[in-house]
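The following block contains the structure, expressed as C-alpha cells.
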Amino acid sequence: MSNRPNTLYLVVPCYNEEEALPHSAQVMREKLNRLVTEGKASPRSKILLVNDGSRDGTWKIIHDLCDRDPAFAGLSFSRNYGHQSAILAGMMAARQHADIAVTIDADLQQDIEALDQFLEKYQAGCEIVYGIRNDRNTDGFFKRLTANGFYGLMHLLGCRVMSNHADYRLLSKKALDALAEYKEVNLFLRGLIPTMGFSSDVVYFDVKEREAGASKYTLRKMLTLATDGITSMSTRPIQLITVLGFLVSVFSALMIIYCIADWFMGRNVPGYTTSLVVSLLMGGLTIFSLGIVGEYVGKIYLETKARPRYIVESFIWKDGNSQKNDKNNSEQSE
Ligand code: UDP
Ligand code: MG
C-alpha cells in the first residue's frame, strides 16, 4: 500500500541524554530496520539525533553512532537552545532528504511502536499526524496539575492546541516546506503546526516511564514554554487588560461621583480602609498589567532583531543504506 514516497527521518532532540541515548538509539535503530524490511519506510531512512548543547557525553555518543552506521545522522548546536529549537532544526535538516519526519523524545517515553500507525495515516493521505497520549499516569501530581492548567488556560485564550499532544508528530515533506516559511523566533510548535491546516489525523499512544536519566524539563523550562506558548499564539491577555482597564475606569467614575456627593452632604467618613484597599488593588493590577504588556513588548523586541533561532555547529550525514552497513559511504556535511 506504500504509494507515497516514504523516506522517513526520525528526529530526536537530545539534551544531556548520555544515560538514555545508547539504549534508545538501539531501540530506534531496530524499529527502523523492521519498518524498512516491512516496506513501510525506504532504505534511505535515517535517525537524526539533534544534540541541544549537551554538557555531558551525548555528542560523543551521537558521533560514534554516526561513524558506525550510516542510518544515523547527527546535528549539534553551539549551545542549549531548548527542545522546540532542537526539533525545528532537526526537521529543517531532514527536509533536504526526507519525505516524512517524525519527532520523538530521546527517552523513549513515547511508544515507538505507534510509528506504524503514523505511517499508515501518512499513506492514507495525511500531511500531519499528531501523537496524543492516552493518559498522564506516568507524570507526577505536579506535572499533571501544571499541564492541565496550561492547556485549560490556552483553550480559554482561544488557542488551538491539542490537549495531551506533546511533540510526537509526523510531518510530510509538504508540511515541512510550509513550516519552513514561518520565521518567528518565539516558537511554540504545538500551537503553530495546527494553524497550518492540511489534512491531519491523530494516533493515540501510551506514555512509559523514562528509560534512564532524569527529566530535562526543569520548572524554568516549562514556565518559559508556557509563556512562549501563550504569547506566540494569542494576544487575548492584552485585550483582557483593556477590558479590565475599562471596568476599573467605570468603577472609579462611580466612586468619584459618590465621593463628591458625600462631600456636598457634609459626610466626612475617615475611609482609611477603603482607600488602602483600593490603592493596593489598583497598584497590583497596574503592575500585573504592565508585566503582561512588557512580556509582549519583549517578544516584539526579540522578533524585530530576527536573530537566528539556533546555531548549528556540526552536522554529520552519510550517504548510505539504512538496512545494512554500507562500506562505500561518503561523508557530507552542511
Ligand atoms: N530536551 C532538549 N533540550 C532541552 C530540554 C529537553 O532537547 O533543553 C529534549 C530531551 O533530551 C528529550 C526531550 O527534549 O529528548 C523531552 O525532554 P524530557 O524527557 O526531559 O521532558 P519530559 O518528558 O520530562 O517532559
Ligand atoms: Mg521525557
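Every number for a ligand or one of its atoms is a count from 1 in the order of the listing.
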**Message:** Checking a contact table here: which protein heavy atom is nearest atom 18 (P) of ligand 1, and how many Å away?
**Reply:**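 Minimum-distance protein heavy atom for atom 18 (P) of ligand 1 reads Arg210 NH2, 3.5 Å.
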**Message:** When you compare the side chains of Asn51 and Lys60, does any donor N or O come within less than 3.5 Å of an acceptor on the partner?
**Reply:**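 There is no such pair between these side chains.
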**Asked** Quick check, are the ring centers of Tyr217 and His83 under 6.0 angstrom apart?
**Response**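 Yes.
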**Asked** Of the protein's non-hydrogen atoms, which lies at the shortest distance from atom 25 (O) of ligand 1, and what is that distance?
**Response**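 Closest protein heavy atom to atom 25 (O) of ligand 1: Lys143 NZ, 2.7 Å.
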**Proximity to ligand 1 by part of Asn16, non-hydrogen separation under 4.0 Å** =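 The answer is neither; Asn16 stays 4.0 Å or more away.
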**Message:** Using a 4.0 Å cutoff against the non-hydrogen atoms of Glu17, which atoms of ligand 1 qualify?
**Reply:**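 Heavy-atom distances to Glu17 below 4.0 Å select 10 (C), 11 (O), 12 (C), 15 (O).
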**Nearest-neighbour protein heavy atom for atom 6 (C) of ligand 1, which is reported as residue plus atom name and distance** =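 For atom 6 (C) of ligand 1, the nearest protein heavy atom is Lys216 CB, 3.6 Å.
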**Item:** Side chain, backbone, both or neither: the part of Asp105 lying under 4.0 Å from ligand 1 by heavy atom
**Value:**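 It is both parts that get close, each with some atom under 4.0 Å.
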**Between Ser78 and Glu313, a side-chain donor and acceptor under 3.5 Å** =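 Judged by distance alone, the side chains do not pair up.
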**Message:** Given His83, Gln84, Met222, identify the one with the heavy atom nearest to atom 14 (O) of ligand 1.
**Reply:**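 Selected option, by shortest heavy-atom distance: His83.
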**Message:** Please tell me whether Met255 and Val248 are part of a single hydrophobic cluster in this structure, the criterion being side-chain heavy atoms less than 4.5 Å apart.
**Reply:**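 No; tracing contacts between hydrophobic side chains, which count when under 4.5 Å, never links both residues.
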**Residue and atom name of the nearest protein heavy atom (relative to atom 21 (O) of ligand 1), distance in Å to one decimal** =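 Here the nearest protein heavy atom works out to Tyr217 CD1, 3.4 Å.
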**Item:** Identity and separation of the nearest protein heavy atom to atom 19 (O) of ligand 1
**Value:**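 So the nearest neighbour among protein heavy atoms is Asp107 OD2, 2.5 Å.
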**Request:** Considering heavy atoms of the protein only, find what lies nearest to atom 8 (O) of ligand 1 and give residue, atom and distance to 0.1 Å.
**Result:**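 Scanning the protein heavy atoms, the shortest distance from atom 8 (O) of ligand 1 goes to Lys221 NZ, 2.8 Å.
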**Prompt:** Got the closest protein heavy atom to atom 23 (O) of ligand 1, with its distance?
**Reply:**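 The closest heavy atom on the protein side is Gln109 OE1, 2.7 Å.
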**Asked** Less than 6.0 Å separating the ring centroids of Tyr168 and Phe118?
**Response**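 Yes, they do, as the ring centres are separated by less than 6.0 Å.
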**Request:** Check whether any N or O atom of Ala106, backbone or side chain, sits under 3.5 Å from an N or O atom of ligand 1, and answer yes or no.
**Result:**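 Yes, there is a polar N/O contact under 3.5 Å.
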**Request:** May I ask you to identify the nearest protein heavy atom to atom 9 (C) of ligand 1, giving residue, atom name and distance to one decimal place in Å?
**Result:**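 Looking at atom 9 (C) of ligand 1, the protein heavy atom closest to it is Pro13 O, 3.9 Å.
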**Message:** For Ser215, which part has a heavy atom under 4.0 Å from ligand 1: side chain, backbone, both, or neither?
**Reply:**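 Looking at Ser215 and ligand 1, atoms from backbone and side chain both fall under 4.0 Å.
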**Message:** If only side-chain N and O atoms count, and only distance matters, is there a donor-acceptor pair under 3.5 Å linking Asn6 with Asp99?
**Reply:**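 Per modelled atom types, Asp99 and Asn6 side chains form no pair under 3.5 Å.
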**Item:** Cation over ring face, Arg133 and Tyr204, 6.0 Å, 45°
**Value:**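 No, cation not above the ring by the 6.0 Å, 45° rule.
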**Asked** Closest to the Mg ion (ligand 2), which N/O/S atom of Asp107 is it?
**Response**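 The Asp107 atom nearest to the Mg ion (ligand 2), restricting to N, O or S, is OD2.
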**Message:** Could you tell me, atom by atom, which parts of ligand 1 come under 4.0 Å of a heavy atom of Cys14?
**Reply:**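 Listed by number with element: 7 (O), 11 (O).
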**Residue Gln109, metal the Mg ion (ligand 2), N/O/S under 2.8 Å** =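 Gln109 does place an N, O or S atom closer than 2.8 Å to the Mg ion (ligand 2).
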**Prompt:** Do Gln84 and Asp228 meet the criterion of a side-chain donor-acceptor pair at a distance under 3.5 Å?
**Reply:**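 Distance-only check fails for Gln84 and Asp228.
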**Prompt:** Of the options Lys121, Arg169, Lys174, which is the one that meets Glu127 in a salt bridge (charged side-chain N to carboxylate O under 4.0 Å, His left out)?
**Reply:**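 Output: one option passes, namely Lys174.
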